[in-house]
Each structure stands twice: as structure tokens, then as C-alpha cells.
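The structure under discussion appears below in the form of C-alpha cells.
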Amino acid sequence: MPKIPEKPAIQADPGRWKALIFIALAQLMVVLDATIVNIALPSAQQDLGISDGNRQWVITAYALAFGGLLLFGGRIADLWGRKRTFVTGLIGFAAASALGGAATGEAMMLGARALQGAFGALLAPAALSLLAVTFTDAKERAKAFGIYGAIAGGGGAVGLILGGFLTQYLNWRWTFFVNIPFAVVAAVGAYLVVREPEGGRNRSPLDIPGVILSTLGLVALVYGFTRAESAGWSDSGTIGLFVASGVLLIAFALTESRVRFPLLPLRVVANRNRGGVYLSLGLAVIAMFGLFLFLTYYLQVVKGYSPVKTGFAFLPMIVGMITGSTQIGTRLMTRVPPRFLMAPGFLTAGIGMLLLTQLEIGTSYAGLILPAQLLLGLGMGTAFMPAMSLATIGVDPRDAGVASAMVNTSQQVGGAIGTALLNTIAASATTAYLTDHAAGATTPDAQKLLQLQGMVEGYAAAIWWAVGILVLAATIAAVLINTGKPGTGAVAASGSGVEDEVKVPVVAH
């Protein structure tokens with residue numbers, strides 16, 4: 001393939017590494033919040049008098065606002081400017097967290113969670129797009145995205161540790177209040193340090209039909225999977241939500257192909273490399289979110305771990321993710337094509353997941369769970385880092401916000417699917433096991449043992465599905481992502497929409 005002429009060198013921002021600290025801190029806060037509240041939910045439910053039927057809304061209110069508004073948030077970042085959107089999102093997230101921590105009842109809590117989701121939808125795309133436009137040198141970009149990828153992948157597990165510690169030793173309210181110092185430090189630092197390249201804004205009129213259709217379509221999709229977990233897949237309301245989501249998202253795609261200034265230019269997702277990233281990343285998150293759920297319950301209910309001990313039990317996964325992202329992914333990103341990191345990374349994670357299909361009541365943590373987590377972390381860290389970079393590389397700076405929003409959208413939708421789909425599979429397998437073995441449990445001890453064994457059988461059945469999903473993610477990455485390794489020069493943006501490949505000074509196939 002012929003060399004693509006280099007564009008004039010862009011003067012690198014001298015404060016870019018300081019900016020990375022505050023961007024990473026904000027990303028850590030958003031990712032932490034996805035799991036930290038789960039640990040605190042039982043205590044918060046009791047204190048605030050939230051019914052069992054409504055407790056899921058503490059999680060769902062956040063997920064719906066965050067997932068539904070991500071594309072809108074990404075477009076706002078392109079329109080307002082990423083720095084302004086980033087700081088606004090941080091301040092709003094801190095205020096919503098303070099409201100949640102001070103909640104005196106169910107309505108106040110659910111409102112605070114919805115507000116957190118809305119401001120998170122501003123914050124997350126702005127953070128990733130700031131990173132994309134700040135680091136343009138291929139080697140520096142690899143290092144920056146290595147750090148970002150480690151946080152994006154491992155932050156959820158850190159949330160389990162922090163959530164367990166705060167809930168057990170302080171109070172559930174601190175799982176909300178802890179966001180405030182994170183947000184304040186990141187907002188002040190970003191205001192002082194972050195700079196945006198000139199000419200990166202998209203000042204086109206806002207695509208209102210696109211905003212409405214995408215928001216309603218994504219909300220219906222996320223809520224459909226959430227409802228399926230509690231009401232069942234054959235429930236008329238669940239089916240109605242999926243049908244509505246399909247109609248709305250098809251209408252959104254048709255609208256975007258016809259309007260002059262689309263919310264999501266179809267060239268962003270039509271490119272096979274970015275499409276491959278969005279799809280494979282979403283599938284990988286399905287597997288990861290299911291694992292967090294099952295492993296948390298396994299350690300606490302079956303093994304009897306405390307919340308804090310459970311959180312620390314996830315440390316090997318965090319270590320693996322950091323190592324995979326910053327040591328393997330970063331070092332190889334400029335030397336090999338992205339698919340040679342992503343596909344083996346997902347397969348390595350799949351091997352770790354495969355080990356966990358062997359879970360039993362008496363399984364040794366050191367003998368099985370620890371090595372499985374290390375493999376999962378190494379694989380995910382290695383795959384996430386080039387995926388995050390490739391999802392935004394080569395995009396016209398004016399589209400960086402919505403391209404970044406698509407990364408977050410694939411993760412958010414993947415998380416909703418993973419929690420609902422794998423939990424349903426586990427519950428069905430558990431019920432079947434209990435039905436088949438109920439006759440043999442004639443004493444209270446035998447019945448208790450049967451319940452635990454049934455749970456473990458359900459987890460193992462669902463984890464087998466997660467293994468298959470990771471193999472599918474690896475296959476998609478290997479087949480769809482065909483761009484070569486990036487060169488060592490500046491990454492140039494492309495906005496043609498015709499051949500929207502990774503455009504750097506040298507492309508090797």
C-alpha cells in the first residue's frame with residue numbers, strides 16, 4: 001500500500017501528560033460508580049425503605065440515563081467543546097453524588113442516580129475524545145491509551161473493593177460522597193491544564209430528531225434487557241420494549257442517512273475497523289459484567305467472604321488488566337496490527353473464563369480463581385487498550401465526541417445484556433438442578449447444601465456462555481479489523497467517510 005503523505009506536524013500540547021492524570025481520574029470515577037453502588041445497595045435499601053420490587057431502579061435509573069444519553073453527550077462535547085463539557089459533567093456528577101449520599105427517601109435516591117447517569121453521559125465521551133485529540137503521536141498515544149484502557153477495564157473491580165470497604169467500615173452514603181473529591185480535583189485540574197486543539201468543534205445545528213430517536217431507542221433497549229432479568233424474556237412488556245427499540249433505532253439510522261447534519265454520521269460506524277471494535281468490545285463486556293455478578297455472589301454467598309474480602313479477591317484481575325494494558329498492549333501497539341492484540345487478548349480472557357466453569361462449592365481460591373482472574377485481566381487489558389485507541393483514531397476531530405460515545409454505548413449496552421442474559425441462564429440452570437435433585441435432600445443441612453450446589457451449577461452454566469461470547473468477540477476482531485500497525489508519527493484525522501481507515505504516515509498490511 002502506498003505511503004500516505006504526512007500532514008504538517010501539529011505542535012504537541014506541553015501539558016498533555018498532566019491532562020492525562022485528570023482525564024484518567026474522571027474515567028476512574030465513572031467506572032467505579034458502575035459497581036461501587038452494587039455493594040452498598042442492601043444497606044441503602046434498608047435505610048431508605050426501598051421495596052424489593054423497586055430496589056433494581058437504583059441501578060436501572062443510572063443505566064437508562066447513562067446509556068440513553070451517551071450519543072447526545074458525545075455530540076454536545078463536539079458542539080460545546082470537550083473541555084467545557086468535561087468540566088460541566090464533573091461538576092454535575094459531583095452534585096448528583098452529593099444528592100444521592102444525602103438521600104432521605106426512595107424518590108430522592110432514584111432522582112440522584114438518574115442525574116448521575118445524565119452527567120456521566122456528558123463526561124465519559126468528553127474524556128475519551130479529549131484523549132483522542134490530545135495525543136496524536138502514535139507512541140505517546142499507545143502509552144496514554146494503555147493507562148486509560150487499564151482504568152476502563154479494571155475500574156469496576158476497584159469499585160468492588162472500595163464499595164466493600166466504605167460500606168463495611170463507614171456507611172453506604174460514602175459510596176456516593178467519595179465521588180465528590182474525585183470530581184473536584186479532576187474539574188480543577190482539567191480547567192487549569194487541559195487544552196483543546198483549534199478547529200475541533202462541530203458547530204453544525206443539533207439534530208433534534210436524531211437525539212430523540214437515539215435516546216428513546218437506547219433507553220428501550222437497555223430497559224428491555226433489565227426487565228427481562230426480572231419479568232422474563234417472554235413477558236409482553238419485555239417483548240414490547242425490544243420491538244420499540246428496534247423500530248426507534250432503525251428510524252434513527254434512516255434519519256441519520258438523510259439529514260444534513262446528523263447526530264451520528266454513519267461514516268463513524270460504517271468503517272469496518274471501528275464497527276469491529278464496537279461489536280467485539282460490546283460482546284467482551286457482556287462476558288465481563290456477568291462474571292463480576294457471579295463471582296461476587298459466589299465469594300460472598302457460597303464461600304462466606306465479607307464485602308471487603310470479596311473486593312480484595314478481585315485484585316488479581318486488576319493486576320492482570322494493568323499489566324496487559326500498560327506492559328503488553330502499550331509495548332506492542334505500534335509494532336503489530338491491532339487485531340493481533342485484540343483477538344489473542346479476548347481468547348486469553350476466554351481461557352481464564354473456561355477455568356471458572358470448573359467452580360465447585362469447595363474450589364480453592366489460590367488453585368483456580370486466582371489464576372483464572374489473572375488470565376482474564378491479562379487478556380482484557382491487552383485487548384481493551386488497542387480497542388479504545390482504534391475506536392477514535394482517524395476520526396475527523398469534529399466527530400471525536402460521537403465516536404467516543406459509541407465506545408461507551410457499546411460497553412453500556414453490553415453490560416445491560418450481560419447482566420440480564422447471563423443471570424437468566426444461571427437462574428434457569430439452578431432451577432433445573434434443584435428440581436432434578438430435590439428428592440435426595442431430606443434434611444435441613446442437605447437442603448442448604450443443595451441450594452449452594454444449585455447456585456454453583458447455575459454460575460458454571462452461564463460462564464460457559466461467557467466463554468463462547470469471548471470466542472465470538474475474538475473472531476469478530478480477527479475478521480473485521482484489518483488495519484495495519486500504526487506508524488510512529490502523528491496520527492492524522494480523516495473525515496472523508498469513503499476510506500476512513502487509520503491514516504498515519506505509514507500503514508503496513
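The analysis underlying the following values was restricted to heavy atoms, covering all of them including side chains, and did not include hydrogens, waters or symmetry mates.
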Pair I481, M342 - check side chain to side chain contact (heavy atoms under 4.5 Å, CB included), show working.
CA-CA 9 Å; I481 298 172; M342 291 180 64; 3.5 Å; yes
Residue list, side chain to side chain contact (heavy atoms under 4.5 Å, CB included) with F93, at least two apart or on another chain
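In terms of side chain to side chain contact (heavy atoms under 4.5 Å, CB included), with neighbours along the sequence ignored, F93 is linked to M29, D33, Y62, S97, Q116, F119, N179.
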Distance-only, no hydrogens or angles: does the [X] side chain make a donor-acceptor pair with backbone N or O of [Y] under 3.5 Å?
{"X": "Q373", "Y": "A313", "answer": "yes"}
{"X": "S245", "Y": "G217", "answer": "yes"}
{"X": "D207", "Y": "E256", "answer": "no"}
{"X": "R339", "Y": "A477", "answer": "no"}
{"X": "S325", "Y": "M321", "answer": "no"}

Derivation of the side chain to side chain contact (heavy atoms under 4.5 Å, CB included) call for L374 and M317:
CA-CA 5 Å; L374 282 173; M317 192 184 300; over 6 Å; no
Should L213 and L249 count as side-chain neighbours, where that means a heavy-atom distance under 4.5 Å?
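No - every pair of side-chain heavy atoms lies 4.5 Å or more apart.
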Within a strict 4.5 Å, meaning less than it, do heavy atoms of the P125 and L70 side chains meet?
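They are in side-chain contact.
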Side chain to side chain donor-acceptor pair (under 3.5 Å) with T424: which residues, sequence neighbours excluded?
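Expected list: W233.
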Test side chain to side chain contact (heavy atoms under 4.5 Å, CB included) applied to V277 and M406, step by step:
CA-CA 10 Å; V277 167; M406 278 301 300; over 6 Å; no
One pair to check against side chain to side chain contact (heavy atoms under 4.5 Å, CB included): L480 and N273. What are the steps and the verdict?
CA-CA 6 Å; L480 282 186; N273 289 293; over 6 Å; no
